Amino acid sequence: MASPLRLGLKNSGQQTTIEALREVWRIADEAGFDHVWDFDHLATIGAGGQEASVYEGWTLLAAIAQATRRVRFGCMVTGNTYRHPALLAKMAVTVDHLSGGRLEFGIGAAWAEAEHRMFGIEGLEHRVGRLRESLDAIISLWTNDRTTLEGRYYHFSDAIANPKPIQKPHPPIWIGAGGEQMMMVVARYADVWNSSGAATAQEAAEKSRMLDEACARAGRDPGAIRRSTQHMWDGRDRAKLIDLVGRYLELGFTEQIINCQGPDHARVAAAAAEALPELRSALVR
């Protein structure tokens, strides 16, 4: 049986205000969106360079936990290299408890070279291997009484991590990935794959087939991993957004996130809320 279409909003946390973030969260919660998102960068990304304002993603997730009541939420996606896995596992459990079990755990290998260079963050050269070990450690900390791991990058000795997440066995794991190596990580660990780096529906479909092949090599049912994508939208052409959602749904992307473009993020979120009934009725053509 096919997964139902789930829709979310996103205000990344860069070049925005606390007021706009709170308003997007409120709209997502009250309008009936399934999830709401931010991102994880220490400096701004995109054409504007690195000098604009950006808020820290996991601090915002704790705020979302308190500011909302029903909507699920997460970081699309956490950069693994920015935090030790023991710290990230503890942060995630804390946010899961703050929200009553509504966290979606988004993670990726990280990619922003400028951030790693300016802050002296290590690990980008072995980022896929680090992500594999980090996920092994985090899942163990979430589910086992003690964790021992003698890896190439991380070392745990009879480590204790309590409390455990509210969600069992743990919060759903979303992994953003586009390359062949990362697809094997998705096939092994993910509940949801985000089509990182795919600029068009055709590219996303090609990467989805890559994931199917990785699942075959890993011995996992590809239908067990939901497919997700993000749409950049300025809140103006509703018909275009509805068509886009329908096109991706036809390709099997059942988790779709509307990235509310600035400068008026809340206006875009409100426009998406107005369109939500039509978006929900998007049919596979």
Side-chain angles (χ1 to χ4, degrees), residues 6-31 33-45 53-110 112 115 121 131 134-135 137-139 141-142 161 163-168 170-176 189-192 194 196 228 230 255-260 262 265-266 269:
R6 299 205 313 167
L7 294 161
L9 294 179
K10 180 176 180 180
N11 181 351
S12 66
Q14 84 168 21
Q15 295 181 285
T16 189
T17 65
I18 293 297
E19 291 74 19
L21 285 160
R22 286 175 173 151
E23 186 64 7
V24 171
W25 306 340
R26 183 194 66 78
I27 290 168
D29 200 38
E30 295 180 1
F33 284 91
D34 298 291
H35 32 66
V36 65
W37 302 85
D38 65 8
F39 77 3
D40 189 34
H41 285 281
L42 305 179
T44 49
I45 61 172
S53 296
V54 59
Y55 293 105
E56 196 281 317
W58 274 87
T59 311
L60 292 179
L61 293 189
I64 296 172
Q66 290 300 100
T68 59
R69 293 293 172 264
R70 50 150 299 278
V71 70
R72 298 184 65 80
F73 61 93
C75 183
M76 183 61 67
V77 290
T78 306
N80 178 62
T81 55
Y82 298 147
R83 302 166 190 83
H84 190 279
L87 175 62
L88 183 56
K90 182 66 72 175
M91 291 164 63
V93 166
T94 302
V95 170
D96 198 47
H97 279 256
L98 283 170
S99 66
R102 292 184 285 125
L103 175 67
E104 303 278 341
F105 184 75
I107 193 166
E115 294 172 39
I121 299 170
L131 179 60
S134 183
L135 283 164
I138 288 169
I139 292 169
L141 290 167
W142 282 344
K164 303 305 182 190
I166 288 178
Q167 299 181 79
K168 302 302 179 188
H170 51 70
I173 297 173
W174 297 52
I175 298 179
Y189 297 99
D191 298 294
V192 187
N194 183 256
S196 175
S228 72
Q230 300 183 63
E255 304 282 349
Q256 301 196 32
I257 300 163
I258 301 166
N259 196 326
C260 302
H265 305 83

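Here the structure is a predicted model, which means the values were calculated and not measured.
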Check: [Y] main-chain N/O paired with [X] side-chain donor or acceptor under 3.5 Å:
X: Arg102; Y: Ala65; value: yes
X: Glu115; Y: His41; value: no
X: His97; Y: Lys164; value: yes
X: Arg72; Y: Phe33; value: no
X: Asp191; Y: Ile173; value: yes
X: Gln167; Y: Asp96; value: no

Considering only heavy atoms from C-beta outward, does the side chain of [X] approach that of [Y] to under 4.5 Å?
X: Ile139; Y: Tyr189; answer: yes
X: Leu21; Y: Val24; answer: no
X: Leu9; Y: Ile257; answer: no
X: Met91; Y: Leu61; answer: no
X: Leu42; Y: Ile121; answer: yes

### Query
Going by the angle between their ring planes, with limits at 30° and 60°, are Trp58 and Phe105 parallel, tilted or perpendicular?
tilted

What's the shortest heavy-atom distance between [X] and [Y], and which atoms?
X: Pro85; Y: Ile138; value: O-CG1, 3.6 Å
X: Asp34; Y: Arg70; value: CA-NH2, 4.3 Å
X: Thr81; Y: Ala110; value: OG1-CB, 3.4 Å
X: Tyr82; Y: Ala112; value: OH-CB, 4.0 Å

#### Entry: Residue pair Asn194 / Ser228, side-chain donor-acceptor N/O under 3.5 Å
yes

Just verifying a value: how many Å separate [X] [atom1] and [Y] [atom2], rounded to the nearest 0.5 Å?
X: Ile175; Y: Ser196; atom1: CD1; atom2: OG; result: 11.5 Å
X: Asn80; Y: Leu135; atom1: CG; atom2: CG; result: 7.0 Å
X: Phe73; Y: Leu103; atom1: CZ; atom2: CG; result: 5.5 Å
X: His170; Y: Trp142; atom1: NE2; atom2: CH2; result: 6.5 Å
X: Asp40; Y: Ile107; atom1: CG; atom2: CD1; result: 9.0 Å
X: Leu60; Y: Asp38; atom1: CG; atom2: CG; result: 5.0 Å

### Task
Give me the one residue out of Gln230, His35, Glu104 that meets side-chain contact (heavy atoms from CB on, under 4.5 Å) with Glu255.
His35

### Query
Taking only residues two or more places apart in sequence or in another chain, which ones pass side chain to side chain contact (heavy atoms under 4.5 Å, CB included) with Arg26?
Glu23, Glu30

### Message
So, using side-chain hydrogen bond (donor to acceptor under 3.5 Å, both in side chains) as the criterion, who are the partners of Thr94 when residues are at least two apart?
### Response
none

### Task
Go through the steps for Thr78 and Arg83 under the test side chain to side chain donor-acceptor pair (under 3.5 Å), then give the verdict.
CA-CA 9 Å; Thr78 306; Arg83 302 166 190 83; 5.3 Å; no

